[in-house]
Amino acid sequence: MCGIVGYVGHQAAGPILLEGLQRLEYRGYDSSGIAVLDHDGALSVMKREGKLRDLQAAIERMPGGATGIGHTRWATHGQPSDRNAHPHASSSGDVIVVQNGIVENYRELKAELQERLDAEGRSWQSDTDTEVIPELISRELAAGKSFGDALASAIGRLRGANAIAAVHRGSPNRIYAARKGSAGGIVIGYGDGEMFVASDLPALLPHTTSVYHLEDGEIAAIDPESVTIRGQGGTQFQPEPTQVDLDPVAIARGPFRHFMLKEIHEQPRALSDTIRGRARLEPASALPDDLDLPTETLASIERVLVIGMGTSLHAAMIGRWWIEQIAGIPADFDNASEFRFRAPLLGPSTLVVAVTQSGETIDTLGAMNHVRDRWGAPQVVITNVDGSEATRQADTSIIIRCGPEVGVASTKTFVGSLAALYLLACRIGHAQGRLSTEALSKRLEQLLTAPSLLERGIGQAARCAQIAQLFGAASNFLVLGRGIEYPLAMEAALKCKEISYVHAEGYAAGEMKHGPIALLDQGFPVIALAPRGPLFDKMTSTIQQVRARRAPVIAVGDEGDAELAELVDHFIAVPPAPPLLTPFSLTPVVQLLAYQLALTRGLDIDQPRNLAKTVTVE
Ligand code: F6R
C-alpha cells in the first residue's frame with residue numbers, strides 16, 4: 001500500500017524517482033509526488049492527484065537536483081487530492097517526508113502540535129495522518145537535535161506500522177529511510193556513487209541488484225557512497241548489501257496488453273518453477289528440502305489451519321480440501337482478519353499455514369503474531385517474496401518462485417500457492433504414514449500434469465472473449481461451484497468484482513436454492529463450474545433449477561462433454577483433470593472471463609480503482 005522511492009547521487013533525481021514510481025504504481029495510484037533537493041539545499045516539491053502520467057508533465061518543468069524522494073499513494077486518511085498527495089512538509093518547510101502506513105495516534109499528536117502551530121500563525125496543509133511526522137521532526141530539530149536523533153525521537157512517538165523516507169534542507173546530499181513494524185518493506189539499492197531506496201525490488205532492479213532490506217526499528221542515513229544504520233537501541237553500523245537474483249525482464253510487460261494477461265500466460269511456467277525439485281518421484285518425496293520442521297513435528301500434527309486474505313484465502317480453502325483428502329487429517333481455513341479477533345482454540349499440535357503472496361499483508365501478519373503469542377503453534381508461510389515479513393515470522397517458508405507479480409489482481413501466485421499447498425498436503429500425509437510411498441508417487445505424478453492443464457485452460461482465451469462480448473453489459477453474475485470448485489467460484493466472483501467492477505457472487509451450488517435463487521431471471525447470468533467428478537450429477541440438477549428460472553447458464557466443463565454442452569446456453573471446454581486437480585484446469589478460464597469482461601468495458605485492468613497490490617494497513 002503506497003510506494004516509496006528515494007535517490008541520492010550524481011544524476012538528476014526527478015526522472016529516476018518517476019521511473020521508480022512507475023514500477024511501484026501497483027501499490028497505489030490515486031495521487032503521487034516527488035521532492036528534489038539540489039546541492040545548495042534548494043527544494044522543489046511537485047504533487048498531483050491522479051495517475052503518475054498527471055505528475056510526469058509537471059515534473060518536466062521542475063528544477064533539477066541530485067537528491068530526492070517520491071511517493072505513489074493509496075489514500076487512507078484524506079481523500080485523493082493534490083493537497084493530500086505526498087510528500088508532506090513541516091510547517092517550517094525544511095523537513096519533507098513520504099510515508100507508507102498509518103500513524104494511529106495522529107489525532108493525539110496533531111492536538112499536541114496544534115498549540116505551537118497556532119502560536120506561529122501556521123496551519124496544517126493536508127488532511128492526512130502523515131503530516132504530523134515532518135512536524136514532529138521539525139520540533140525536535142528546533143530543540144537542537146541532529147536530524148538522525150530528531151527522526152528517531154519522532155518515530156518513537158508514532159503508533160502503528162510505518163515506513164518512511166525523508167529529506168532535510170540542511171543535508172542536501174542525504175536521504176533518510178526508516179521502518180517501524182510491518183508496513184511493507186524498505187529496500188536500499190547500492191549503485192556506483194549513488195544509492196536508491198524503494199518499497200519493493202522492482203523499482204531498484206533496473207539500477208542495481210545489490211541491496212539491503214531495512215529491518216524493523218532501523219533508521220538509515222543514506223549518502224551517495226555509504227549507508228549508516230541506526231539499529232534498535234541506538235547501535236550504529238554499515239550494513240553488508242546482498243545480491244538479489246531477479247531478472248529485470250521479469251518485470252517487463254513484453255508483447256502483452258496488460259500485466260494481468262502476461263501473468264495469466266506465465267502460469268504454466270510459474271507452477272513448474274514452484275514444484276521444481278519439490279515433487280520427486282524416485283524415491284517419491286514432496287518438499288524434500290524446504291520445510292525446516294522436524295519430521296516428528298509433521299508426524300505429530302493433529303490438525304492444520306490454513307489462513308489468508310482475498311485470493312490467498314481462496315487458495316487456503318482449496319488447501320483445506322487437499323489436506324483432508326490427501327493427508328487425511330482434520331483441516332480448516334480461516335480469513336486471517338477474522339481469525340485473530342476470535343478466540344480460536346489451536347494448541348501446539350495444530351500446524352498453521354499462512355498463504356500470502358506478498359508476505360506483507362497486515363491481516364495475515366497479525367494472525368501469525370496472534371498464533372505465535374497465544375499458542376506457540378508451528379507456522380509455515382507460503383509466499384512469493386523471500387525475506388518478506390511473513391518469512392521472518394514463520395518457523396519455515398515455502399517460496400513459490402513465481403517471479404514478481406505486477407498486475408494488481410493475483411493470478412500466477414494463486415496457482416503457485418495452490419501447488420505449494422498440494423505438496424504440503426502430500427508431505428504431511430507421507431510423514432504421518434497415511435499416504436503410502438506408492439500413493440504419494442501417484443499424487444505427485446498427477447501434480448506434474450498441472451502445467452499442461454493450465455496451458456490448455458489458457459487455450460480457451462478466444463472463447464472467453466466471445467462470452468465476455470455477449471455478457472459485457474450484465475450487471476450481475478452468480479458463479480456456482482461444488483466441492484473443490486466452490487472456492488474457485490469465489491475466486492471467479494472476486495476477479496469479476498475487482499477488475500470488471502461487476503457485481504458477482506461466488507456460491508456453493510447447493511446453497512443456491514436457500515436464497516440466491518430468488519435473484520434469478522432472464523437478465524441474471526449464472527456461471528457454473530461443472531467438470532466431471534463425484535458431484536457432477538448434483539451440479540447438473542442445480543443447473544436445471546437455474547434454467548427453470550430462465551437465467552442464462554454459462555458452463556465450464558470437460559472437453560467433449562456433449563451432454564452438458566447441450567444442457568446449457570454457453571459452454572467453455574477445459575481439459576478433463578483428475579478430481580483433485582480441477583483447480584488447475586479451471587483457474588485460467590475463471591481469470592480470462594474476468595479479464596475479457598474488463599476489456600469489453602474498457603477498464604484499467606492493471607490498476608483497478610480503489611485497490612492496491614499489497615494491503616499493509618488495517
Ligand atoms: C486479489 C488480490 C487480493 C490479495 C489479498 C492478499 O486478486 O490480489 O485479494 O489476494 O490482498 O494478498 P497477499 O496474498 O499478498 O497476502
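Position 1 is the first residue of the sequence, and the numbers go up from there. Order of listing sets the numbers, starting from 1, for every ligand and every atom in it.
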Ion pair Asp273/Arg276, N-O distance below 4.0 Å: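 Yes, this pair counts.
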Lys/Arg-Asp/Glu bridge criterion (N-O < 4.0 Å) met for Arg269, Glu263: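 Salt bridge absent between Arg269 and Glu263.
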Phe471 and His570 aromatic ring geometry - parallel, tilted or perpendicular at 30°/60° bounds: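 Perpendicular, since the angle between the ring planes exceeds 60°.
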Could you tell me, for ligand 1, which of its N or O atoms are under 3.5 Å from any protein N or O, listing the pairs and their distances rounded to 0.1 Å?
unit_1: ligand 1; atom_1: 7 (O); unit_2: Thr311; atom_2: OG1; d: 3.3
unit_1: ligand 1; atom_1: 7 (O); unit_2: Ser410; atom_2: N; d: 2.9
unit_1: ligand 1; atom_1: 7 (O); unit_2: Lys495; atom_2: NZ; d: 2.8
unit_1: ligand 1; atom_1: 7 (O); unit_2: Glu498; atom_2: OE1; d: 3.2
unit_1: ligand 1; atom_1: 7 (O); unit_2: Glu498; atom_2: OE2; d: 2.6
unit_1: ligand 1; atom_1: 8 (O); unit_2: Val408; atom_2: O; d: 3.4
unit_1: ligand 1; atom_1: 8 (O); unit_2: Ser410; atom_2: N; d: 3.4
unit_1: ligand 1; atom_1: 8 (O); unit_2: Ser410; atom_2: OG; d: 2.9
unit_1: ligand 1; atom_1: 9 (O); unit_2: Thr311; atom_2: N; d: 3.3
unit_1: ligand 1; atom_1: 10 (O); unit_2: Thr311; atom_2: N; d: 3.1
unit_1: ligand 1; atom_1: 12 (O); unit_2: Thr361; atom_2: OG1; d: 3.4
unit_1: ligand 1; atom_1: 14 (O); unit_2: Ser312; atom_2: OG; d: 2.6
unit_1: ligand 1; atom_1: 14 (O); unit_2: Gln357; atom_2: N; d: 2.7
unit_1: ligand 1; atom_1: 15 (O); unit_2: Ser358; atom_2: N; d: 2.9
unit_1: ligand 1; atom_1: 15 (O); unit_2: Ser358; atom_2: OG; d: 2.6
unit_1: ligand 1; atom_1: 15 (O); unit_2: Thr361; atom_2: OG1; d: 3.3
unit_1: ligand 1; atom_1: 16 (O); unit_2: Thr356; atom_2: OG1; d: 2.7
unit_1: ligand 1; atom_1: 16 (O); unit_2: Thr361; atom_2: OG1; d: 2.5

Under 3.5 Å side-chain donor-acceptor pair for Asp363 and Thr361: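 Judged by distance alone, the side chains do not pair up.
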Donor + acceptor pair across side chains of Gln591, Glu491 (<3.5 Å):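 Note: Gln591 and Glu491 side chains miss the donor-acceptor criterion.
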Verdict with reasoning, Asp292 to Asp395, per side-chain contact (heavy atoms from CB on, under 4.5 Å): CA-CA 7 Å; Asp292 195 12; Asp395 296 292; over 6 Å; no
